[in-house]
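Contents: one structure, followed by commentary.
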There are 2 protein chains.
Amino acid sequence: MALLSVLTPALALVLCMVVGFLFLKSRAPGTSPQGAGQAKAASEKEFRPWVDQDLQDDTEITTGGGDKDEWVESDDEKDLAHVPYSPQRYPEETMLQRSKDFYSLMNQRRSVRFISPEPVPREVIDNVILTAGTAPSGAHTEPWTFVVVSDPETKHQIRLIVEEEEEVNYRQRMGDKWVHDLARLRTNWIKEYLDVAPYLILVFKQVHGILPNGKKKTHYYNEISVSISCGILLAALQNVGLVTVTSTPLNCGPQLRLLLKRPTNEKLLMLLPVGYPAADATVPDLKRKHLDGIMVAI
Amino acid sequence: MALLSVLTPALALVLCMVVGFLFLKSRAPGTSPQGAGQAKAASEKEFRPWVDQDLQDDTEITTGGGDKDEWVESDDEKDLAHVPYSPQRYPEETMLQRSKDFYSLMNQRRSVRFISPEPVPREVIDNVILTAGTAPSGAHTEPWTFVVVSDPETKHQIRLIVEEEEEVNYRQRMGDKWVHDLARLRTNWIKEYLDVAPYLILVFKQVHGILPNGKKKTHYYNEISVSISCGILLAALQNVGLVTVTSTPLNCGPQLRLLLKRPTNEKLLMLLPVGYPAADATVPDLKRKHLDGIMVAI
């Protein structure tokens, strides 16, 4: 029995490999060698997909040509000049007032799921995206693509994809606990705002760059960088009186990427519907933590 | 044969479940199912730690008590009332002007490594942290802790830890390519700003919460949420004329967490030195991408 207990992990591993092999073989021709990765991702996904996991999109990543970081010379790799930097400085009183005002502005921000169909000036959206693009990024790689969709037909296609996957998420993948946590916020798989909002902003992270010679360029900490950029995007939207809800549509990445014709080095990180709030918009009556609940001074 | 081919996926699934069950059962008491995940994470770490990986801190995670998402009733799980939401609305012209002004403000932000030792009003820092705390988070879990260090001795301890690890990173872990990419920005392992800056903000992500009854509370998408919050933090700092540099000190997480006496469910995500720029501060002469390089309109 003790021997069996020692052997079981090894046995399990071998069985898993056999099973995995059979499973792959059983798939129709035309599936890629990455099927294994997908199956693995899928099984992990069924475990706890929403805890510190990327949105999965392992489709069509071309791995040929070496995964190692290759030394590549290109124009933007030259040593950069350094220039003096002296930004605006405010008197202490002004700083204090500005810090209060900005806190007050941002503290009014809420995730809003009821968005008005009223048109929003496109130039405002351009400026908001430009603002998001001022975020820092690992080694200044700027690994983000913001796809701004206003075409009604494309918005509807997006809705169909998201709702189909979200219904499966709610019914099968998420587990009672998550569904319950979201039920408090009255969140479900019907996403009317995807048709209604004048703009959908789909934020893609570029998991690597592509150099002019076709080689890969490493994008250090790309997910953190793009998420920081989204934080600045939210601030920019709030600053002009527009609302959104930060959503991370689970399992829709590959389909949405194909729909929007984005290359395989880009993966969907977030989807933000943007517009004015609907006249009858409501939000859950949430409170935020107090300062002593989020800050420790040493 | 056709029948077999149809059955194989189902068969594979059942086998996988059996195998998975055996595998879990075979593990020694006290170890959790996460051991496997940790081992996997560790081996991945040695591969390319800086690409879409968390800062690693797997030390002392207490995994006892079940890894599954348990249904937990607590005060904050009650169904929430929904309240009307009608934020300030600006005329189009005002929106446009505000979007330009905020872009202009944020576009002046740069990562600054030369920070003045001049004191900064603590109340400004409080407001900046409060502002960061307005970020959205998965299921409103607010999974962030901002440790604000002004004590000179603690700052120096932090510097010693970071510089020791960073030197190893530069000399051994990062590879020529990364060192080269950072050399352009004149970045190395000497971090004088860690002593000099009046404040160091260490941003921790709470990988899970802890309920009053001691059980774990799931923190959905905690790394993305905390990164978004950091984006808003950067905006708030820029708004008051303070500078910082967004750093992700590799491999220092566990030591810094212990130094700052943070619990094991918190992991260091970023370290931001904060202050006025030094009078002779310089920045690399980087350009940002144009709008058509980051935005696609459909």
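All values reported here derive from a predicted model rather than from experimental measurement. Below, chain A is the first sequence line, B the second, and so on; all start at residue 1.
For A:Tyr276, the part lying under 4.5 angstrom from a heavy atom of chain B is the side chain only. Looking at B:Pro277, the atoms closer than 4.5 Å to chain A (heavy atoms on both sides) all sit in the side chain, from C-beta outward. With a threshold of 4.5 angstrom between heavy atoms, B:Leu202 does not approach chain A through any atom at all. Only the side chain of A:Thr246 comes within less than 4.5 Å of a heavy atom of chain B; its backbone N, CA, C and O stay farther away. In this structure, chain B has a heavy atom under 4.5 Å from the backbone of A:Ala135, while its side chain stays farther away. Interface remark: B:Ser104 contributes no atoms to any contact with chain A (heavy atom separation under 4.5 Å). With a 4.5 angstrom heavy-atom cutoff, A:Val112 touches chain B only via side-chain atoms. Interface remark: A:Ser111 contributes side-chain atoms only to the contact with chain B (heavy atom separation under 4.5 Å). Both the backbone and the side chain of A:Glu142 come within contact range of chain B, judged by heavy atoms closer than 4.5 Å. Looking at A:Leu200, there are no atoms closer than 4.5 Å to chain B (heavy atoms on both sides), in backbone or side chain. Neither the backbone nor the side chain of A:Val226 comes within contact range of chain B, judged by heavy atoms closer than 4.5 Å. The part of A:Arg89 that comes within reach of chain B is its side chain, from C-beta onward, which places non-hydrogen atoms under 4.5 angstrom from that chain. In this structure, chain A has heavy atoms under 4.5 Å from both the backbone and the side chain of B:Arg288.
Contact check on B:Asp151 versus B:Lys155 returns no salt bridge, with no Lys/Arg side-chain nitrogen under 4.0 Å from an Asp/Glu carboxylate oxygen. Comment: A:Lys205 engages A:Glu223 in a salt bridge, judged by a side-chain N to carboxylate O separation of less than 4.0 angstrom.
A donor and an acceptor atom, one from each side chain of A:Gln97 and A:Asp101, are located under 3.5 Å apart.
Nearest approach of B:Val120 to A:Met95, heavy atoms of both residues: CG1-CE, 4.4 Å. Residues A:Ile232 and A:Thr131 share a closest heavy-atom pair of CG2-O, 3.5 Å.
Of the residues B:Cys230, B:Pro136, B:Ser137, the one that meets the side chain to side chain contact (heavy atoms under 4.5 Å, CB included) test with B:Ser225 is B:Ser137.
Annotation: maximal heavy-atom pairing with chain B below 4.5 Å, among A:Leu234, A:Ile201, A:Val148, A:Val243, occurs at A:Val148.
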